Amino acid sequence: MLDIHWLNTFVTLAKYQHFGKTATALHMTQPNVSLHLKQLEQATRVKLIERNPFQLTQAGERLLQSAEKTLLELQVCQADLNAINHLHQGTLTIAASDIISRLLLIGPFQLFRKTYPGIDLSLFNTTSSQAAELVKTAKADLGFVIAQKEEAPLSFTELREVQWCAIGNGLAQWQAQATNQSLAVSDHSQVPLTADEPTLILLGHDTRTRDLIDLSLPKLNLPNYRIMEVGSVDAQIDWAEAGFGVAIVPTFSVNPQRTLHTTLTPLPDFSSTSLGYIVRQNQLLSRAIKQLLIWVDEEIQKSQSLT
């Protein structure tokens with residue numbers, strides 16, 4: 001009988017192709033990784049990897065296919081068992097980006113812990129694309145994402161439409177400069193204007209802002225611009241407030257209680273996108289998950305009334 005822990009170590013080793021990185025990923029020691037591989041090879045009676053350079057043998061490639069399917073099925077089964085369990089026991093794992101978790105999930109999570117003390121609630125703080133991958137592989141039961149496309153094996157439900165805004169002084173002047181430059185080019189008697197390039201500070205890894213707004217940036221009618229990526233909405237706003245450029249952020253991410261010293265400009269011409277949640281298709285949703293979604297929806301309605 002093959003031990004499930006051996007298989008998990010083997011699949012992880014095949015992914016990283018490095019014993020040290022595998023040990024780090026699994027919170028194990030490197031000798032234990034080697035031991036699991038040795039035990040697995042003894043149980044299967046075949047050699048599974050070549051070490052120098054690292055590569056799977058033909059037998060290793062075949063076992064990897066079955067091991068990945070087996071681990072996924074067990075993870076999905078455990079998630080369904082948690083959903084079937086109505087005794088308020090078990091685990092619930094959520095995947096969400098920093099902006100979503102901080103702005104929309106804190107209140108609902110507090111209610112959840114109070115109502116379901118027997119359920120171990122955990123959060124993967126990640127990007128929308130990574131959240132989708134975690135839900136696909138059943139490592140997360142539920143994911144909150146921005147701009148998720150409907151695709152198998154995931155089911156996406158929209159919770160609200162996301163609009164965009166710009167924070168920072170100088171946007172109107174830069175737009176006027178672009179217009180004047182255009183006029184100067186058409187009128188050969190005028191000398192084209194020159195100015196420092198503005199910096200658009202984008203969110204980057206939190207909500208994949210750059211991927212979402214690249215097609216919309218020409219609608220700002222700016223002269224040449226350059227991009228500076230930072231790690232969070234708060235950092236974007238701080239840089240914009242310090243005069244380093246313009247931050248393009250989701251409107252719902254701007255705390256109405258925060259006093260801005262720079263201009264906030266709605267961007268209605270930007271392409272709107274969706275914020276919602278993803279689950280695996282045909283996934284069983286427990287009463288606890290359904291209640292959590294209700295609380296999240298209420299939190300969204302509350303935030304909409306403040307913006």
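Residue numbers run from 1 in the order of the sequence given. Computed from a prediction, not measured in an experiment: that's the story for all the values here.
- Looking at Leu56 and Phe10, their side chains come closer than 4.5 Å, going by heavy atoms from C-beta outward.
- Checked by atom type and distance alone, the side chain of Glu241 never pairs as donor or acceptor with a backbone atom of Gly168 at under 3.5 Å.
- Here Phe112 pairs with Tyr116 under the ring pair (Phe, Tyr, Trp, His ring centres under 6.0 Å) rule; sequence neighbours left out.
- The salt bridge (Lys or Arg N to Asp or Glu O under 4.0 Å) check on Asp3 picks up nothing, with sequence neighbours excluded.
- Thr251 and Gln163 share no side-chain donor-acceptor pair at under 3.5 Å.
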- Task: Before giving the answer on salt bridge (charged side-chain N to carboxylate O under 4.0 Å, His left out), spell out for Asp234 and Arg102 the whole-Å C-alpha distance, their side-chain angles and the decisive distance to 0.1 Å.
- Result: CA-CA 11 Å; Asp234 285 339; Arg102 287 190 297 111; 3.2 Å; yes
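- A pairwise comparison of heavy atoms in Ala288 and Ile119 identifies CB-CD1, 3.7 Å as the closest pair.
- The only option from Thr9, Ile49, Thr22 that meets the side chain to side chain contact (heavy atoms under 4.5 Å, CB included) definition with Leu37 turns out to be Ile49.
- Residues Ile248 and Phe270 form a side-chain contact, since some pair of their non-hydrogen atoms from C-beta on lies under 4.5 Å apart.
- Contact of the Leu104 side chain with the Phe144 side chain is not registered, since no non-hydrogen atoms from C-beta on lie closer than 4.5 Å.
- The list of salt bridge (Lys or Arg N to Asp or Glu O under 4.0 Å) pairs with a residue in residues 11-20, not counting sequence neighbours, is empty.
- Heavy atoms of other residues, nucleotides or ligands lying less than 6.0 angstrom from CD of Gln58 number 12 at most.
- Under 3.5 Å, the side chains of Thr93 and Ser122 contain a donor-acceptor pair of N or O atoms.
- Annotation: side chain to side chain contact (heavy atoms under 4.5 Å, CB included) contacts of Ala43 (sequence neighbours excluded): Leu2, Trp6.
- Between Pro250 and Ile99, the closest side-chain pair of non-hydrogen atoms falls below 4.5 Å.
- The side-chain hydrogen bond (donor to acceptor under 3.5 Å, both in side chains) test applied to His18 returns no partner, not counting sequence neighbours.
- To the nearest 0.5 Å, atoms CG (Asp98) and OG1 (Thr126) are separated by 10.5 Å.
- A salt bridge (Lys or Arg N to Asp or Glu O under 4.0 Å) check over residues 40-58, counting only residues at least two apart or in different chains, returns the pairs Lys47-Glu50.
- Under the side-chain hydrogen bond (donor to acceptor under 3.5 Å, both in side chains) criterion, Trp295 pairs with no residue, sequence neighbours left out.
- Side-chain contact check for Ser129 and Thr127: at least one donor-acceptor pair (N or O, by modelled atom type) lies under 3.5 Å.
- Here the side chains of Val254 and Leu264 are in contact, with some heavy-atom distance below 4.5 Å.
- In this view, Arg113 and Leu121 satisfy the side chain to side chain contact (heavy atoms under 4.5 Å, CB included) rule, not counting sequence neighbours.
- Side-chain contact between Lys290 and Arg287: absent, with no pair of heavy atoms (C-beta onward) separated by less than 4.5 Å.
- Side-chain atoms of Gln30 do not come within 3.5 Å of backbone N or O of Ala23 as any donor-acceptor pair.
- For His27, the side chain to side chain contact (heavy atoms under 4.5 Å, CB included) criterion is met by no residue, not counting sequence neighbours.
- Residues Thr263 and Asn169 bring a donor and an acceptor atom of their side chains to less than 3.5 Å of each other.
- Rounded to the nearest 0.5 Å, atoms OG1 (Thr265) and CD1 (Ile167) are 9.0 Å apart.
- Of the inter-residue distances, the one linking His36 atom NE2 with Leu7 atom CG reads 10.5 Å to the nearest 0.5 angstrom.
- The side-chain hydrogen bond (donor to acceptor under 3.5 Å, both in side chains) test applied to Asn32 returns Thr29, not counting sequence neighbours.
- In this structure the side chain of Pro153 never reaches within 4.5 angstrom of the side chain of Arg280, judged on heavy atoms.
- Placement of Leu275 and Ile294 in two distinct hydrophobic clusters is found when ILVMFWY residues are connected by side-chain heavy-atom separations under 4.5 Å, directly or transitively.
- Cluster partners of Phe124, using a side-chain heavy-atom cutoff of under 4.5 Å among ILVMFWY residues and allowing indirect links, are Leu134.
- Under the side-chain hydrogen bond (donor to acceptor under 3.5 Å, both in side chains) criterion, Thr70 pairs with no residue at all, not counting sequence neighbours.
- Linking Ile, Leu, Val, Met, Phe, Trp and Tyr whenever their side-chain heavy atoms come within less than 4.5 Å leaves Tyr16 and Leu35 in two separate clusters.
- The pair Asp238-Arg258 meets the salt-bridge criterion, since a charged nitrogen lies less than 4.0 angstrom from a carboxylate oxygen.
- For the residue pair Leu103 and Ser253, the shortest heavy atom distance occurs at CD1-CA, 3.3 Å.
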